[in-house]
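One structure is given below, encoded as structure tokens.
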Amino acid sequence: MGSMKRVSLKLFAVAAILLLAAQAPIAVVNTAVARGVGESFADLAEKSLPAVVNISTTQTIVSEGRPELPPGAPFEDFFKEFFDKNREGRRPRQSSSLGSGFVIDPSGIIVTNNHVIADADEIVVRFQDDSELPARVLGRDPKTDLAVLKVDSPKPLVYLPMGDSQKIRVGDWVIAIGNPFGLGGSVSAGIISARQRDIRSGPYDTYLQTDAAINKGNSGGPMVNMDGEVIGINSAIFSPTGGSIGIGFAVPTSLAAPIIDQLQQFGETRRGWLGVHIQTVTDEIAESLGLDRARGALVASVSKDGPAANGGVKDGDVILTFDGKSVDKVRKLPRIVAETKIGRSVDVVVWRDERERKLRVVVERLDETKTAAVAASSRSGSGSRTEIDNLGIIVGPLTAEDKEAAGIANDVEGVLILAVEDDGPAGEKDIRPGDVIVEVNQDPVRRPSEVEGRVAEAASGKRKSVLLLLNRQGDLRFIAVRPGKS
């Protein structure tokens, strides 16, 4: 009986515990669950591969004549005779290269990288069934490394639809297809490692980064999402060896799609133009302008009669938003403007006089042929000298003689910097003798005393930095300097 009682007591205790547990609140753990990939990528690869092509190019390289030898070089006569005898036998040689591409339209429109077909005399496209067709270039854009080709096919071609790269997320699965090392159509899988990567390859960098294996020869091939849509064009890798180490980059379709359309229609790109020179807003510049933090794009100068000037944008404005898009980094603005439709009127929010102002600007077309040149020349200063100790500079009036001697344009007005202490506040900001101070804290200056007074006023006030607008051989730039102790 004793053992039976002990068993009964144990059963009672277990039942009590279960009853209490049933009445207690249930804790729910919020966990992220990874979406299943499936057994393989075979179905996705099978549908995508027929639309991916190998691109081979040939280029004629003309051999140079005999090398120039310095007078009195050893065996000079021998080498001259050797090269002269063999000159007639030298012929232009052919250089070939391989890359990838993919069909985006059954009529024979193919997308690839510009560097795959650059300087090519002949382009041949090879399909999955080993058939080949010659291709011609419809248009190319070196700035985004994109090119559009056309082949004349007797039958409709299998093609890949373009997807929306804006929807892709870090961690999503993708496959990369191409022609690595000339081996033919190859498929590799990976995930999106990062978005909006700036690898300093051009003015509109916003690459997708992936760990899917991308090697030499993959350039121009598609990056495909799990729905079978192209969301990127494989373009570059980061590698010390030339092989994949899991860091590859693709041009997103959000950037590529409008460029591809323009290259098909016009054979060239037609980008928007704002007409400003911009620079980064540093912490010191933000502080001197009364901004809460470093953000936006600081307008160093405005092109005369350009869209920005006509819309009321001024030197010293900080562009915070353009067409409703936030400009959190300076390199973001050129891309946003370039993607804006030409002739469209957009809202631009700028920071001016410590408050936001809304302007209206009509975007014009960028002239791709325009280039900016800055000439360098020796400079010297003359006239009376004023030392501004807390900046570590010596300034003087800007005279006609100074302008002529230093090559400064006649219409430039300001105060000439004659000397800079290397280890002073101005010297640490790369301010140089010969620079012309045009404004101090966005107020024009014409005399050294005005510079001295405004710097002293700023140093004694709540702001810790002084914002200088400098003219350096026609190039305007804002530089914020924190005054030291006099």
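Numbering starts at 1 and runs along the sequence shown. FYI, side chains are in, hydrogens and waters are out, and symmetry mates aren't considered; it's all heavy atoms of this structure.
A pairwise comparison of heavy atoms in Ala480 and Ser288 identifies CB-OG, 4.4 Å as the closest pair. Counting all heavy atoms, side chain and backbone alike, Gly221 lies closest to Ser100 at N-CB, 3.6 Å. When all heavy atoms of Pro222 and Leu160 are compared, the pair lying nearest together is CG-CD1, 3.9 Å. Annotation for Ile285 and Phe478: closest pair CD1-O, 4.0 Å, computed over non-hydrogen atoms. In plain terms, the two heavy atoms of Val116 and Thr57 that are nearest each other are O-CG2, 3.6 Å. Across Asn179 and Gly99, no two heavy atoms sit closer than the pair ND2-O, 3.5 Å.
A salt bridge links Arg365 with Glu268: at least one charged nitrogen is closer than 4.0 Å to a carboxylate oxygen. A salt bridge is absent between Asp353 and Arg355; no separation between the charged side-chain nitrogens and carboxylate oxygens falls under 4.0 Å. Classification of Asp323 and Arg344 as a salt-bridged pair holds, one side-chain N sitting under 4.0 Å from a carboxylate O.
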(request) Evaluate the criterion side chain to side chain contact (heavy atoms under 4.5 Å, CB included) for residue pair Phe249 and Val251; output intermediate values, then yes/no. (result) CA-CA 7 Å; Phe249 302 97; Val251 180; over 6 Å; no
(request) List the steps, then state whether side chain to side chain contact (heavy atoms under 4.5 Å, CB included) holds for Glu229 with Met162. (result) CA-CA 5 Å; Glu229 301 169 329; Met162 300 289 275; over 6 Å; no
(message) Pair Lys150, Ile109 - check side chain to side chain contact (heavy atoms under 4.5 Å, CB included), show working.
(response) CA-CA 5 Å; Lys150 178 70 168 67; Ile109 305 297; 3.4 Å; yes
(message) Between Met223 and Ile192, is the side chain to side chain contact (heavy atoms under 4.5 Å, CB included) condition met? List the steps.
(response) CA-CA 10 Å; Met223 178 181 286; Ile192 295 295; 3.8 Å; yes
(request) Apply side chain to side chain donor-acceptor pair (under 3.5 Å) to the pair Glu287 and Ser465, showing each step before the final yes or no. (result) CA-CA 7 Å; Glu287 182 183 57; Ser465 298; 3.1 Å; yes
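The closest side-chain heavy-atom distance from Leu398 to Val412 is below 4.5 Å. The shortest distance between side-chain heavy atoms of Pro252 and Thr206 falls below 4.5 Å. With contacts defined as side-chain heavy-atom distances shorter than 4.5 Å, the pair Val330/Leu298 does not qualify. Ile394 is not listed as a side-chain neighbour of Ile388, based on a closest heavy-atom distance of 4.5 Å or more. Side chains of Phe322 and Leu274 form a contact here, defined as non-hydrogen atoms less than 4.5 Å apart. Side-chain contact check for Ile437 versus Val395: some heavy-atom pair is nearer than 4.5 Å.
Expressed to the nearest 0.5 Å, how far CG of Asp172 lies from CD1 of Ile191 amounts to 9.0 Å. Atom CG of Leu291 and atom CH2 of Trp351 lie 5.5 Å apart (nearest 0.5 Å). In this structure, CD1 on Ile408 lies 9.0 Å from CG on Asp435, to the nearest 0.5 angstrom. Taking CD1 of Ile319 as the start and CZ of Arg352 as the end, the distance is 10.5 Å to the nearest 0.5 Å. Here CG of Leu255 is found 8.5 Å from OH of Tyr207. Values are rounded to the nearest 0.5 Å.
No donor-acceptor pair closer than 3.5 Å links the side chain of Thr210 to the backbone N or O of Gly248. Without hydrogens or angle criteria, Asn225 side chain to Gly228 main chain gives a donor-acceptor distance under 3.5 Å. With hydrogens and angles ignored, the 3.5 Å screen pairs a side-chain donor or acceptor of Ser165 with a backbone N or O of Ser254. Between the Asn114 side chain and the Thr144 main chain, no donor and acceptor come within less than 3.5 Å of each other. A donor-acceptor pair under 3.5 Å is formed between the side chain of Gln262 and the backbone N or O of Arg270. With hydrogens and angles ignored, the 3.5 Å screen pairs no side-chain donor or acceptor of Asp105 with any backbone N or O of Tyr159.
Thr321 and Ser326 share no side-chain donor-acceptor pair at under 3.5 Å. In summary, the side chains of Ser235 and Asn113 do present a donor paired with an acceptor at a separation below 3.5 Å, with no hydrogens or angles considered.
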Under 3.5 Å, side-chain donor or acceptor atoms of residues 438-447 against the rest of the protein: list the pairs with distances, not counting sequence neighbours.
unit_1	atom_1	unit_2	atom_2	d
Asn441	OD1	Leu467	N	2.9
Gln442	NE2	Gly316	O	3.1
Arg447	NH2	Glu450	OE2	3.1

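When the salt bridge (Lys or Arg N to Asp or Glu O under 4.0 Å) test is applied to Asp227, no partner is found at least two apart in sequence or on another chain.
With respect to Phe238, the side chain to side chain contact (heavy atoms under 4.5 Å, CB included) criterion is satisfied by exactly one of Ile245, Ile199, Ile214: Ile245. Arg271 pairs with exactly one of Lys143, Arg335, Glu339 by the side chain to side chain contact (heavy atoms under 4.5 Å, CB included) rule, that one being Lys143.
By the 6.0 Å contact criterion, CZ on Arg360 is enclosed, its count of non-hydrogen atoms from other residues, nucleotides or ligands being greater than 12.
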